Amino acid sequence: MPESLQANLEAVREAIRASTERASRDANAVALVAVTKTVPVERIREAIRLGLHTFGENRVQEAMPKMDEIGPAGVDWHLIGHLQTNKVKFVEGRFQMVQSVDSAALAEALDRRFQSALEVLVEVNVAEEPQKTGALPADLPAIAAVVASAGHLRLRGLMTIAPMVTDPERVRPIFRRLRALRDETSQQLGMPLPVLSMGMTDDYPVAVEEGATMLRLGRALFGPR
Ligand SMILES: *Cc1c(COP(=O)(O)O)cnc(C)c1O
């Protein structure tokens, strides 16, 4: 018996509202990306009917058949998982944003391949976990500079995946750090970087308190994978 998407969505919206209130932020400043990896097309259609319009997938190969089946439904797709340079050719015309750019080489490959503009976030491995994807904080300035100067890429901000912990308070410093890195990068490049994509099912209320403008939620909406 699948969980009620509508009830889950209402609970998520209420949690976002409560977190923005605690932080004196505007709840409308927090965008929701519904993460649909492993979620079948039928449930994605239900999400669209409920008004969700931005979806995140982490594998191009899994996403493509689902996108084709759903067709142009006025929705945006974000790539949130690691992208190999040899898969760059599948991104154009399908994804509106790639949140997981983590090297200058990948940025250059996307820029070469794209005719139109692609929105980009640089993914940062803030906690410097060895097994994780994402750029190390020390490499961020160079990668951000490459993205910012690429003619077909629009640098919009930063993304991070916080370490898995049982107490979300423990990752608060990670979110704070991403926000500080965003501020530094914005100053370095002399351009606004409005998007902070941080916060998943287990930690999003804390991420909102720390300034997240984009949440990527899978299980909180669709139930356990
Ligand atoms: C799966 C995934 C999410 C969503 O995770 P939940 O814990 O189910 O909310 C968010 N971001 C990325 C990059 C993911 O791979």
Side-chain angles (χ1 to χ4, degrees), residues 3-39 43-44 46-48 50-58 63 75-82 95-101 119-127 132-134 156-183 193-225:
E3 300 187 30
S4 162
L5 183 51
Q6 184 162 12
N8 290 349
L9 181 58
E10 279 166 17
V12 161
R13 290 207 167 118
E14 174 52 29
I16 294 172
R17 197 201 55 73
S19 290
T20 51
E21 197 170 283
R22 279 194 296 277
S24 307
R25 299 186 58 206
D26 176 4
N28 295 316
V30 183
L32 197 52
V33 177
V35 176
T36 50
K37 63 184 178 210
T38 77
V39 175
R43 296 214 86 202
I44 302 177
E46 188 189 346
I48 295 170
L50 288 170
L52 289 167
H53 49 79
T54 309
F55 297 95
E57 284 276 344
N58 55 354
V75 301
D76 281 353
W77 294 90
H78 290 190
L79 187 65
I80 59 174
H82 185 66
F95 290 95
Q96 280 68 42
M97 181 184 270
V98 175
Q99 297 201 7
S100 45
V101 170
E119 306 224 300
V120 162
L121 304 181
V122 176
E123 179 185 347
V124 187
N125 181 358
V126 175
K132 279 255 180 84
T133 56
R156 303 281 293 145
L158 304 181
M159 182 271 248
T160 199
I161 303 170
M164 256 202 282
V165 292
T166 42
D167 177 8
E169 279 301 328
R170 291 192 47 211
V171 289
R172 190 182 290 277
I174 300 292
F175 298 138
R176 265 193 202 157
R177 181 91 181 102
L178 191 75
R179 183 180 181 159
L181 288 168
R182 187 276 308 270
D183 294 345
L193 296 174
V195 180
L196 273 178
S197 175
M198 55 189 198
M200 299 164 49
T201 291
D202 294 327
D203 55 26
Y204 72 94
V206 174
V208 169
E209 288 172 16
E210 295 303 327
T213 67
M214 192 175 272
L215 307 177
R216 308 178 311 272
L217 300 184
R219 289 166 301 136
L221 294 171
F222 299 105
R225 279 187 292 275

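All values derive from a computational prediction rather than experimental measurement. The basis for the numbers below is simple: all heavy atoms, side chains too, and nothing from hydrogens, waters or symmetry mates.
For L9 against L32, the heavy-atom pair with the smallest separation is CD1-CD2, 3.9 Å. Residues A27 and R17 share a closest heavy-atom pair of CB-CA, 4.4 Å. The heavy-atom pair separating A220 from N8 by the smallest distance is O-CB, 3.3 Å. Taking all atoms of both residues into account, the shortest heavy-atom contact from M200 to L217 is C-CD2, 3.4 Å. Summarising the geometry of V75 relative to L52, their closest heavy-atom pair is CG1-O, 4.4 Å, with the distance given to 0.1 Å. Scanning all heavy atoms of the two residues, the minimum distance from G56 to V33 falls at N-CG1, 3.5 Å.
Contact check for I16 versus Y204: side-chain heavy atoms found under the 4.5 Å cut-off. Under the 4.5 Å side-chain criterion, counting only non-hydrogen atoms from C-beta, M159 is not in contact with M198. Side-chain contact between F175 and V126 is absent, with no heavy-atom pair separated by less than 4.5 Å. Taking the side chain as every heavy atom from C-beta outward, R43 and L5 approach each other to under 4.5 Å. Using a 4.5 Å heavy-atom threshold, the side chains of L196 and R179 count as touching. Using a 4.5 Å cut-off on side-chain heavy atoms (C-beta onward), L181 and V124 make contact. No side-chain heavy atom of P168 sits under 4.5 Å from any side-chain heavy atom of D202. A 4.5 Å side-chain heavy-atom check between V101 and L121 finds every atom pair outside the cut-off.
To the nearest 0.5 Å, the span separating CG on L50 from CD on Q6 amounts to 5.5 Å. Atom CG of L221 and atom CZ of F55 lie 9.5 Å apart (nearest 0.5 Å). Note that CG of N125 is 8.5 Å distant from CD1 of I161, once rounded to the nearest 0.5 Å. Atoms CD and OG, on E209 and S24 in that order, are 11.0 Å from each other to the nearest 0.5 Å. Between L178 atom CG and S197 atom OG the span is 8.5 Å, to the nearest 0.5 Å.
At least one donor-acceptor pair closer than 3.5 Å links the side chain of R182 to the backbone N or O of L193. No donor-acceptor pair under 3.5 Å is formed between the side chain of R176 and the backbone N or O of E210. Without hydrogens or angle criteria, S100 side chain to G81 main chain gives a donor-acceptor distance under 3.5 Å. Listed for the T36 side chain is no donor-acceptor partner under 3.5 Å among the backbone atoms of V39.
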With side-chain contact (heavy atoms from CB on, under 4.5 Å) as the criterion, how do R25 and T213 come out once you've worked through the C-alpha distance, each side chain's angles and the decisive distance to 0.1 Å? CA-CA 10 Å; R25 299 186 58 206; T213 67; 4.1 Å; yes
Take L158 and V195 through the side-chain contact (heavy atoms from CB on, under 4.5 Å) test and state the conclusion after the steps. CA-CA 6 Å; L158 304 181; V195 180; over 6 Å; no
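Side-chain contact annotation: E123 with T160, donor-acceptor N/O pair under 3.5 Å absent.
Each of R216, E119, Q99 was scored for a side-chain hydrogen bond (donor to acceptor under 3.5 Å, both in side chains) with H78, with one residue passing: Q99.
Surrounding CZ of R170 are at most 12 heavy atoms belonging to other residues, nucleotides or ligands under 6.0 Å away.
Ion pair R172/E169 flagged as a salt bridge, since at least one NZ, NE, NH1 or NH2 atom sits closer than 4.0 Å to an Asp/Glu carboxylate oxygen.
Note: F95 and W77 fail the aromatic proximity criterion, with ring centroids not under 6.0 Å apart.
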